[in-house]
*Asks:* 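One structure coming up, written as structure tokens, with questions to follow.
Throughout, a chain's letter reflects where its sequence line sits, starting with A, and its residues are numbered from 1. Quantities reported herein were computed from a predicted structural model and do not represent experimental measurements.
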There are 4 protein chains.
Amino acid sequence: MTSKKTEKYHLILQGALKVFAENGYHRSQVSKIAKAAGVADGTIYLYFKRKEDILIHLFQEKLGELVNKFHESVAETNDACEALRMICTIHYTELENNPELAYVTQIEMRQSELELRKEIGITLKPYIELIENIVQQGIDNGQFRANLNVKLVRNLIFGSMDEVVTSWLLSGQKYSLRDQVDETLQFFIHGVSK
Amino acid sequence: MTSKKTEKYHLILQGALKVFAENGYHRSQVSKIAKAAGVADGTIYLYFKRKEDILIHLFQEKLGELVNKFHESVAETNDACEALRMICTIHYTELENNPELAYVTQIEMRQSELELRKEIGITLKPYIELIENIVQQGIDNGQFRANLNVKLVRNLIFGSMDEVVTSWLLSGQKYSLRDQVDETLQFFIHGVSK
Amino acid sequence: MTSKKTEKYHLILQGALKVFAENGYHRSQVSKIAKAAGVADGTIYLYFKRKEDILIHLFQEKLGELVNKFHESVAETNDACEALRMICTIHYTELENNPELAYVTQIEMRQSELELRKEIGITLKPYIELIENIVQQGIDNGQFRANLNVKLVRNLIFGSMDEVVTSWLLSGQKYSLRDQVDETLQFFIHGVSK
Amino acid sequence: MTSKKTEKYHLILQGALKVFAENGYHRSQVSKIAKAAGVADGTIYLYFKRKEDILIHLFQEKLGELVNKFHESVAETNDACEALRMICTIHYTELENNPELAYVTQIEMRQSELELRKEIGITLKPYIELIENIVQQGIDNGQFRANLNVKLVRNLIFGSMDEVVTSWLLSGQKYSLRDQVDETLQFFIHGVSK
DNA sequence: GATGAATGAGTGTTCATTCAT
DNA sequence: AATGAATGAACACTCATTCAT
């Protein structure tokens, strides 16, 4: 249910996503976002403290939806391998289907000050922790090695997927991202060894 | 022996590294860099076309050194696992020992326009390819699975390490990065499975 | 009645005229013009694309008024000699009464790039053509020689008056400009010969 | 006789004439002039106090030659009409044959500060006075009207020719300047009347 | 709440001039 | 005298943010 108050809020976020994806954060003037959202420049400041705030909220909003999808999909299984597969599938599929979102998360999000990076870290945390829980679950049910450093491994897993997406994006999205799921999973499960 | 001509060039790069690490790229005024380098503002433009150019050269210079170290170390062995270990060791150790460089590569480098990102991609390519070669070598000598997608795997490996470094940096460098080498290698070689 | 929108536009032009006359175009910083106009620096760029634009608009605005006066005065007569007299009278009188405008038209206008000079040429054209028409009229009604090269003669006439104004200005405006009308006319009509 | 000391002086002036004509005064960096002259930047300051100085000297040098030609040609005759014809012929011919010089005198010379304009006025004075003398001579020998205001008339004459040259230049030199001599003279001698 | 005109702080870059060699 | 690397003052322009309506 979207109240009348939040209508403009979402219009602005929608406009910002479009403008950021087209021009990059630093080249996206507030007035351009306002125009894309169909509101006046000043109106933006009724919903956001600063320009940076738009980016943060955009990230939180969009990532929140993603994290929800992750949680929903994983809830259905006790198999850690299967859970990892679902995580990876959603990760690749969702970003492949939303190139604008992909661009903003992979490129623009990183273009921010240290302060903002930490803010983003907080938003990202539930996702990272979800991966951590899956790894822990895999250990607990005997699927994974017991001596895994879960905090390190979750970073390795997230970092891998993250880089694959960025690489795909910078390459010009010339191949299918979701087609990489199987081989990515192979690597997570068995590593490179025979 | 540093020729007189390149002396200021390196002074400026050194100053820029310091200033970028302290303030971030966008908050680093050219005049601040000049001051840190002990030269006049205008002098910078005798050696660099524009501010962005400093970042690119800084990256190329520093990353070039790193890539050389990677190549040298790897040249000594035919064992793909051992080569991966060396790569990871150098990657973690060098950045741990050069926090300023780490900050610039992990945070500031990403703060740049798409155009620059591609420039950086080119500089990074030899490193990525080195990893690819190691993986290929591992396949060839039977250490690794034959059906590995080398281009995907190299991205997974690089992305993993990259994320570990970023995470370490954003955490405030509270733990030892090089101590993560063994477990990182475990993950690369065997994945998570028992 | 000046609409609210154009109010600042005219304030800026007025300020620019003053500042240009006092300091010359190149020594007139935008901030100085803004101050003289009683607006913020940035406001200028809501009404003009760039600094040069102010000069062009100033010229068009002021010259447009002059050209109108020329046209009005000439419309009243069929006598080419009388028309020339009116042209000359207005030319001298108006500039004598507006030393700031005189300074800008005679000195600053010429200080601009070739590109701008052509722009100015376009604005000046109606005036030059008016002179041409008068000459043609004089030929047609038998007052002037039939074999006059009207395009050359209009330049000779305009150039004469223009130089007289510049000379008067550079001399420090020590004598009356309008007092030169009679003798200037004599020269136009009869030349130097007995 | 050119001493070794003045060799570079003339090289610089020659280079400046070329560069000014090609780029205009304000877009002509000192370093560009130095390059065109085949000397080092600093060398220029051994011969000229400031950049503006080059323009002044260039003007004085080139105009000095012109004035000499004027004087020589006029010395041969006592006929004021004939003298005016010679003045006009040389004025148009010389500038038509030296488009670079024409460009600098008609366009660039005007692009200078009031201070410089007065400097130029001084250099131009002998030429203006020469015209004045011719007019006076015409009066004295009964060729011209006795009640002519010589100081005004000289300005009218100079201004006419000056405007014709500028107009020809801005038109892109599409027609012959010297072909305008006869009709210009007609205007000076008889004005426009029948 | 909504507007959008107005603000003014902030900075990369140029280039005339200097001066140690 | 000649060099040319180094200097640093100067400034147009942008754009996030405010606030009177």
*Asks:* Of A/G38 and C/G38, whose nearest nucleotide on DNA chain E comes first from the 5' end?
*Replies:* A/G38
*Asks:* To the nearest Å, how far apart are C/I33 CD1 and E/dG8 C1'?
*Replies:* 16 Å
*Asks:* Could you tell me which non-hydrogen atom of B/I54 sits nearest to which non-hydrogen atom of B/I33, and how far apart they are?
*Replies:* CD1-CD1, 4.2 Å
*Asks:* Rounded to the nearest Å, what distance is computed from the CD1 atom of residue B/I54 to the C1' atom of nucleotide E/dT13?
*Replies:* 12 Å
*Asks:* Tell me the interatomic distance from A/I12, atom CD1, to E/dT3, atom C1', rounded to whole angstroms.
*Replies:*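 Answer to the nearest Å: 13 Å.
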*Asks:* In this structure, how many angstroms lie between the P atom of E/dA2 and the OH atom of A/Y9, rounded?
*Replies:* 15 Å
*Asks:* B/I44 CD1 to E/dC15 P: how many Å, rounded?
*Replies:*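 My rounded result for the distance is 18 Å.
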*Asks:* Side chains of C/R27 and C/E22: does their closest heavy-atom pair fall under 4.5 Å?
*Replies:* no
*Asks:* When you get a sec, tell me which of E/dT7, F/dT3, E/dG4 is the closest nucleotide to the side chain of D/A40?
*Replies:*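 Ranking E/dT7, F/dT3, E/dG4 by closest atom to the D/A40 side chain puts F/dT3 first.
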*Asks:* Going by ring pair (Phe, Tyr, Trp, His ring centres under 6.0 Å), name the residues that satisfy it together with C/F48, two or more places apart in sequence or in a different chain.
*Replies:*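 By the ring pair (Phe, Tyr, Trp, His ring centres under 6.0 Å) rule, C/F48 matches C/Y9, C/H57.
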*Asks:* Taking side chain as C-beta onward, heavy atoms only, is B/V104 less than 4.5 Å from B/L55?
*Replies:* yes
*Asks:* Is the backbone of C/E52 close enough, under 3.5 Å, to the side chain of C/Y25 for a donor and an acceptor to pair up by distance?
*Replies:*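 Checking the backbone N and O of C/E52 against the side chain of C/Y25, a donor-acceptor pair under 3.5 Å is found.
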*Asks:* In this structure, how many angstroms lie between the P atom of E/dT7 and the NZ atom of C/K35, rounded?
*Replies:* 14 Å
*Asks:* What does nucleotides 13-19 of chain F look like as a protein-contact string, B for base, S for sugar-phosphate only, - for none, at under 4.0 angstrom between heavy atoms?
*Replies:* BBSSBB-
*Asks:* Rounding to an integer number of Å, can you tell me how far B/Y47 OH sits from E/dT13 C1'?
*Replies:* 18 Å
*Asks:* Would you indicate whether the side-chain heavy atoms of C/F20 and C/L58 approach each other to under 4.5 Å?
*Replies:* yes
*Asks:* Determine whether C/F59 and C/L124 make a side-chain contact, defined as any pair of heavy atoms from C-beta on separated by less than 4.5 Å.
*Replies:* yes
*Asks:* Quick one: stems for DNA chain E, with Watson-Crick or G-U pairs under 3.5 Å, at least three in a row?
*Replies:*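 Runs of three or more consecutive pairs: E:2-21 with F:2-21.
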*Asks:* When you measure from the side chain of B/K35 to the backbone of B/G15, do you find a donor-acceptor pair of N or O atoms at a distance under 3.5 Å?
*Replies:*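 No; zero donor-acceptor contacts below 3.5 Å.
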*Asks:* When the distance from CG of D/L11 to P of F/dA2 is rounded to whole Å, what number comes out?
*Replies:*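 Atom CG in D/L11 sits about 11 Å away from atom P in F/dA2.
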*Asks:* Quick check: do B/I122 and B/K125 have side-chain heavy atoms less than 4.5 Å from each other?
*Replies:*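 They are not in side-chain contact.
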